[in-house]
Amino acid sequence: MTPDFGRLITAMITPYDKNMQVDYQLARKLARHLVQNGSDGLVVCGTTGESPVLSKEEKVELFRAVVEEVGGQATVLAGTGSYNTQASIELTRAAEKAGVDGVMLVCPYYNKPSQEGLYQHFKAVAASTNLPVMLYNIPGRTGINLLPATVARLAEIDNIVAIKEAAGSMDQVSELRRVLPDDFAIYSGDDSLTLPMLALGARGIVSVAAHVVGNEIKQMLNAFMAGNVKLATQLHLKLYPLFKGLFITTNPVPLKAAMTLLGWPVGGPRLPLVEATSQEKESIKKVMEQAGLL
């Protein structure tokens with residue numbers, strides 16, 4: 001099983017109304033906007049979508065809404081991973097019923113399983129579904145690093161087909177590409193590391209910044225794939241300050257501030273995250289102005 005998730009996948013934020021309830025209509029509108037502006041696919045209810053503070057019912061309704069809106073036009077991946085294997089299995093099954101194209105499974109956070117524990121966790125969730133699975137390694141937020149040797153073992157499972165890699169180590173990406181099958185897709189999990197990861201054999205990016213510069217990121221990806229590394233580098237360097245500026249505090253806090261500046265009433269984050277400070281908002285505004293977005 002080697003599905004094509006696309007090159008530019010956007011990790012979608014979850015919009016809330018004034019009462020901090022999920023705004024499903026705005027989520028639909030945002031999904032369509034992203035697909036019309038460079039995104040080949042969307043991750044719904046990933047950590048950028050504030051998955052830890054959404055109920056199972058809210059997640060399933062978001063899966064349904066986005067599939068109804070852009071299904072067939074873009075790949076829809078459901079963020080169904082958690083630190084609870086059985087809960088991940090149940091949500092994965094519900095996502096499959098909702099019609100998504102695949103699931104993304106983050107490493108279990110907080111409980112810090114061993115490499116064997118990680119292997120057994122992902123194996124159990126993958127066995128519960130017919131959907132293709134993208135692993136998600138982000139040690140800075142989970143407290144555990146999914147090592148290349150473990151990913152190589154997991155790649156032997158038919159429906160585990162990709163990884164979103166956000167450990168920040170190009171050596172780790174090199175080792176992943178060295179030990180994984182050629183058709184196993186590696187995606188950058190950091191916008192600012194997409195270009196160097198492409199050079200190491202990555203397929204694309206699961207992006208945060210594509211909410212605001214999706215077409216430009218797509219242009220960078222296409223330029224690199226066409227062999228125009230000079231243009232790809234120019235685009236990367238142009239976008240680099242924005243990539244970094246959207247991470248001046250915990251994601252998705254800056255992104256929600258940026259979307260609000262662009263006229264998207266997506267609301268702030270749910271507690272325990274709080275809105276960007278006035279100083280942070282000013283910094284975000286400045287970097288967006290420099291990028292020509294405001």
Side-chain angles (χ1 to χ4, degrees), residues 5-6 8-82 90-104 106 131 206-215 217-218 246 250-276 281 284-285 288 293-294:
F5 292 143
L8 175 55
I9 303 169
T10 301
M12 236 181 85
I13 54 172
T14 297
Y16 303 125
D17 63 21
K18 292 178 181 178
N19 297 315
M20 296 305 287
Q21 298 303 301
V22 176
D23 188 333
Y24 298 102
Q25 283 306 117
L26 190 56
R28 285 172 175 266
K29 184 179 177 183
L30 177 59
R32 179 156 296 283
H33 170 79
L34 293 172
V35 172
Q36 290 172 344
N37 287 275
S39 295
D40 302 311
L42 304 172
V43 173
V44 183
C45 302
T47 40
T48 299
E50 300 176 69
S51 56
V53 296
L54 296 172
S55 69
K56 179 182 176 182
E57 292 74 22
E58 287 173 326
K59 291 176 182 179
V60 173
E61 187 57 35
L62 277 165
F63 299 155
R64 287 198 194 102
V66 174
V67 167
E68 284 180 11
E69 193 66 30
V70 300
Q73 301 165 55
T75 305
V76 180
L77 297 173
T80 60
S82 72
E90 291 170 7
L91 185 57
T92 297
R93 287 173 172 161
E96 186 166 5
K97 288 180 182 176
V100 301
D101 300 297
V103 295
M104 189 174 77
V106 70
L131 292 172
V206 180
S207 174
V208 170
H211 281 83
V212 296
V213 285
N215 289 319
I217 294 173
K218 190 64 167 292
L246 289 175
T250 305
N251 179 49
V253 174
L255 176 60
K256 283 201 152 180
M259 292 298 283
T260 301
L261 285 169
L262 290 174
W264 287 86
V266 295
R270 280 180 175 173
L271 287 170
L273 297 181
V274 293
E275 286 194 41
K281 287 177 180 177
I284 294 160
K285 183 180 179 182
M288 291 177 71
L293 295 170
L294 295 175

- [ ] Let me see the working for L294 and L262 under side-chain contact (heavy atoms from CB on, under 4.5 Å), right down to the final yes or no.
- [x] CA-CA 7 Å; L294 295 175; L262 290 174; 3.8 Å; yes
Open item on the list: With side-chain contact (heavy atoms from CB on, under 4.5 Å) as the criterion, how do M259 and V212 come out once you've worked through the C-alpha distance, each side chain's angles and the decisive distance to 0.1 Å?
Closed with: CA-CA 7 Å; M259 292 298 283; V212 296; 3.9 Å; yes
TODO: Output, in order, the C-alpha distance, side-chain angles, deciding distance and verdict of side-chain contact (heavy atoms from CB on, under 4.5 Å) for R28 and V66.
DONE: CA-CA 6 Å; R28 285 172 175 266; V66 174; over 6 Å; no
Considering all heavy atoms, the nearest [X]-[Y] contact:
X: A210; Y: T10; result: CB-OG1, 3.2 Å
X: G268; Y: Y16; result: O-CD1, 3.2 Å
X: L62; Y: A27; result: CD2-CB, 3.8 Å
X: V60; Y: A94; result: CG2-CB, 3.8 Å
X: D101; Y: A74; result: OD2-O, 3.7 Å
X: A95; Y: A78; result: CB-CB, 3.7 Å

Just by distance, do the side chain of [X] and the backbone of [Y] share a donor-acceptor pair under 3.5 Å?
X: D40; Y: L8; answer: yes
X: Q36; Y: H33; answer: no
X: K256; Y: T14; answer: yes
X: D17; Y: N19; answer: yes

Rounded to the nearest 0.5 Å, what separation is found between the [atom1] atom of [X] and the [atom2] atom of [Y]?
X: S207; Y: L34; atom1: OG; atom2: CG; value: 9.5 Å
X: D23; Y: L30; atom1: CG; atom2: CG; value: 10.5 Å
X: K97; Y: F63; atom1: NZ; atom2: CZ; value: 14.0 Å
X: C45; Y: I13; atom1: SG; atom2: CD1; value: 12.5 Å
X: S51; Y: E58; atom1: OG; atom2: CD; value: 12.0 Å

TODO: Would you please say whether a donor-acceptor pair under 3.5 Å links the side chains of T48 and N251?
DONE: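 Distance-only check passes for T48 and N251.
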Side-chain contact test, heavy atoms from C-beta onward, threshold under 4.5 Å: evaluate it for [X] versus [Y] and give yes or no.
X: L77; Y: I9; answer: yes
X: V274; Y: V253; answer: no
X: V106; Y: S82; answer: no
X: P272; Y: V53; answer: yes
X: V70; Y: L42; answer: yes

Task: Ring centroid separation W264 to H211 under 6.0 Å - done: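 No; H211 has its ring centre 6.0 Å or more from that of W264.
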- [ ] Show the numbers, then the answer: is there a salt bridge (Lys or Arg N to Asp or Glu O under 4.0 Å) between R270 and E50?
- [x] CA-CA 8 Å; R270 280 180 175 173; E50 300 176 69; over 6 Å; no
- [ ] Answer yes or no: is there an ion pair linking K59 with E90, defined by an N-O contact shorter than 4.0 Å?
- [x]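 Salt bridge between K59 and E90, a charged N being under 4.0 Å from a carboxylate O: no.
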TODO: Considering only NZ, NE, NH1 and NH2 on the basic side and carboxylate oxygens on the acidic side, decide whether E275 and K281 come within less than 4.0 Å.
DONE: yes
- [ ] I would like to know whether R93 and E96 meet salt bridge (Lys or Arg N to Asp or Glu O under 4.0 Å); could you show each step before the answer?
- [x] CA-CA 5 Å; R93 287 173 172 161; E96 186 166 5; over 6 Å; no
TODO: Start with the C-alpha gap between V100 and L131, add the side-chain angles, then the distance that decides, and say whether side-chain contact (heavy atoms from CB on, under 4.5 Å) holds.
DONE: CA-CA 8 Å; V100 301; L131 292 172; 3.7 Å; yes
